[in-house]
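First the proteins, then the strands, lettered A, B, ... as listed; each starts at 1.
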There are 2 protein chains.
Amino acid sequence: MEPNLGLRDRKRLATRLRLEDAAVTLVLRDGLEHTTVDAISELADVSPRTFFKYFESKDAAILGLRQVEIAESELAEQCDRVAEHGLIECVIHLLLTVIGPPSTRLTMREDRLEILRRHPHLLTTQLAQFTQMTTEVTDAVAALVARDAHFAGGSSAELAASADLVLVLCGGAVRVAVKEWAEMNPTDADGAAEQLESRAISLAREVSVKLS
Amino acid sequence: MEPNLGLRDRKRLATRLRLEDAAVTLVLRDGLEHTTVDAISELADVSPRTFFKYFESKDAAILGLRQVEIAESELAEQCDRVAEHGLIECVIHLLLTVIGPPSTRLTMREDRLEILRRHPHLLTTQLAQFTQMTTEVTDAVAALVARDAHFAGGSSAELAASADLVLVLCGGAVRVAVKEWAEMNPTDADGAAEQLESRAISLAREVSVKLS
DNA sequence: ATGCATCACTGTAAAATTGCAGTTGTGCAA
DNA sequence: TTGCACAACTGCAATTTTACAGTGATGCAT
């Protein structure tokens with residue numbers, strides 16, 4: 001699946017998956033509150049200290065939320081699509097790029113949905129993490145908004161405010177699209193990226209039209 | 001200022017303000033990383049355990065973020081404005097109601113802005129808390145959206161998705177408006193509520209128009 | 001004024017999270 | 001192959017945060 005990775009990266013990926021599996025397994029078996037970081041780490045054969053090198057919190061491990069770091073070059077590349085496509089399309093594509101493709105392991109996805117049903121407060125964690133991800137691209141979105149014809153001519157402060165709002169709207173659209181996809185599409189995971197992008201764009205468009 | 005409070009509530013309010021003052025004072029004096037919850041609690045004359053009865057985290061105390069709990073009745077009352085006003089206006093008014101009026105203590109506001117400048121990561125905390133607040137009114141917003149003429153006729157899932165996006169857009173508008181107000185309006189704190197509402201509405205309207 | 005229900009406060013212990021320093025394994029070039 | 005730079009892993013200590021259980025203060029009806 002991923003043969004183009006060196007030994008170091010393969011080990012790292014394996015450790016992360018082992019931690020995710022351990023977290024999900026133990027939570028389903030013992031319940032969220034009786035599952036400790038120590039137990040997860042032990043089952044995954046790493047020290048508790050290492051656990052936090054992979055995940056920001058226990059919840060993040062259970063949900064499989066990796067921390068993103070974006071290369072400036074990637075962002076700049078994405079930003080050269082404004083002329084051809086619309087602003088909403090560009091921002092959503094940017095967001096989907098940084099959050100990466102959804103997990104292809106169907107069992108895992110089912111298990112996580114079950115955990116989310118049992119512990120709704122995890123939705124808060126998920127939302128917070130997602131929001132944090134989106135803020136990482138704030139500067140890039142500001143640049144995109146500044147180039148858009150509809151927003152041109154505003155003051156610096158106005159542009160910054162507009163960028164902020166465009167970002168939260170598109171981020172929300174992506175979040176809703178991902179959620180719908182996770183809940184409704186148990187079969188193929190191939191066209192996922194395209195489906196997500198298409199759905200998110202139509203959601204954002206629809207709302208902005210109906211609100212104006 | 002607030003004579004219509006019993007002894008218990010007055011004491012509680014005083015304790016919260018003492019904790020906020022202690023947190024801000026110590027952070028400005030010793031720096032964020034050298035200020036412990038123990039020190040804050042000691043200066044405020046409560047136990048560290050009590051600290052967490054008032055604030056969810058050290059950061060929340062520094063920023064003065066109180067945890068909100070909304071009465072269902074209040075929400076229902078707000079929701080009866082859809083017919084007369086637009087959807088955006090209603091949702092923003094709802095949000096401003098639940099987050100309450102901004103702090104009127106100017107020194108405190110200045111001090112906190114200074115701390116935010118020195119420790120940008122606190123913005124993440126602030127944003128997360130704000131997002132959490134907004135999600136508390138998800139159901140009420142869903143009801144508002146369902147009543148709105150532009151959104152009527154959609155399926156249940158479509159309505160839920162739309163409500164989600166309307167909420168993040170309005171929430172973002174309020175957040176931007178509050179931020180602008182905190183940074184630019186050192187004088188009167190009286191018309192604050194109206195200014196905030198007006199600014200947030202125009203922000204949300206403008207973006208939805210330009211995006212559509 | 002009295003009694004009761006409730007809430008605020010506290011101590012203790014356990015779990016979660018972070019910082020620091022040291023060891024080991026990996027990638028890479030000589 | 002050897003050696004170096006760096007990343008991953010670990011242990012340890014300190015801090016943050018939560019759960020539980022108990023004590024005292026407050027609000028309120030009588």
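- In this structure, B:Glu180 CD and B:Arg175 CZ are separated by 11.5 Å, a value rounded to the nearest 0.5 Å.
- As judged by a 4.0 angstrom heavy-atom cut-off over every strand, B:Thr50 is placed among the base-contacting residues.
- A distance of 9.5 Å separates CG of B:Asp45 from OG1 of B:Thr15, quoted to the nearest 0.5 Å.
- Between B:Ser41 and C:dT10 there is no side-chain N or O to OP1 or OP2 distance below 4.0 Å.
- To the nearest 0.5 angstrom, A:Leu122 atom CG is 12.5 Å from A:Leu127 atom CG.
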Every protein N/O within reach of nucleotides 28-30 of chain C N/O, cut-off under 3.5 Å:
none

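- The existence of a salt bridge linking A:Glu20 and A:Lys58 is excluded, since no basic side-chain nitrogen approaches an acidic carboxylate oxygen closer than 4.0 Å.
- The nearest whole Å value for the distance from the CD1 atom in B:Ile62 to the P atom in D:dT16 is 10 Å.
- Between A:Arg12 and the phosphate of C:dT26, there is no side-chain N or O to OP1/OP2 separation shorter than 4.0 Å.
- Without hydrogens or angle criteria, A:Arg18 side chain to A:Ala44 main chain gives a donor-acceptor distance under 3.5 Å.
- Contact annotation: A:Ser47 side-chain N/O to D:dT10 OP1/OP2 distance is under 4.0 Å.
- In this structure, A:Asp38 atom CG and C:dA13 atom C1' are separated by 15 Å, rounded to whole Å.
- Taking atom CG of residue B:Asp9 and atom C1' of nucleotide D:dT26, one finds them 10 Å apart after rounding to whole Å.
- Between the CD1 atom in B:Ile40 and the CZ atom in B:Phe55 there is a gap of 9.5 Å [rounded to 0.5 Å].
- Between the CD atom of A:Glu183 and the CD atom of A:Glu110 there is a distance of 10.5 Å, given to the nearest 0.5 Å.
- Atom pair B:Phe52:CZ and C:dA8:C1' shows a separation of 17 Å (rounding to whole Å applied).
- An angle of 30°, rounded to 10°, separates the two end axes of the helix from C:dA1-D:dT30 to C:dA30-D:dT1, each defined over five pairs.
- Spacing between atom NE2 of A:His34 and atom P of C:dA15 amounts to 10 Å, rounded to whole angstrom units.
- For B:Glu56 and D:dT17, the CD to P distance is 10 Å, given to the nearest whole Å.
- Around CD of A:Glu158, the count of heavy atoms belonging to other residues, nucleotides or ligands within 6.0 Å exceeds 12.
- The side-chain contact (heavy atoms from CB on, under 4.5 Å) test with B:Leu167 singles out one residue from B:Thr135, B:Val145, B:Thr138, and that residue is B:Thr138.
- Looking at every heavy atom in both residues, A:Arg112 comes nearest to A:Gly64 through NH2-CA, 3.4 Å.
- For the pair B:Arg12 and B:Tyr54, the cation sits on the ring face: its NZ or CZ lies under 6.0 Å from the ring centre, inside 45° of the axis.
- Taking atom CZ on B:Phe51 and atom P on C:dA8, their separation rounds to 17 Å, with Å as the unit.
- Among the nucleotides C:dC9, D:dT18, D:dT17, the one closest to any side-chain atom of B:Arg49 is D:dT18.
- Counting to the nearest Å, the P atom of D:dT16 and the CD atom of B:Glu42 are 13 Å from each other.
- Note on B:Glu33: nothing from the nucleic acid sits closer than 4.0 angstrom, heavy atoms only.
- Distance CD1/B:Ile62 to CG/B:Asp111: 12.5 Å, rounded to 0.5 Å.
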Enumerate the protein-to-nucleotides 21-25 of chain C contacts in which both atoms are nitrogen or oxygen and the separation is below 3.5 Å.
residue : atom : partner : partner atom : Å
C:dG25  : N2   : A:Arg8  : NH2          : 3.0

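- Side-chain N/O atoms of A:Tyr54 include none lying less than 4.0 angstrom from OP1 or OP2 on D:dA8.
- Closest approach to the B:Val37 side chain among C:dT17, C:dT10, D:dT17 is made by D:dT17 (side chain taken as heavy atoms from C-beta onward).
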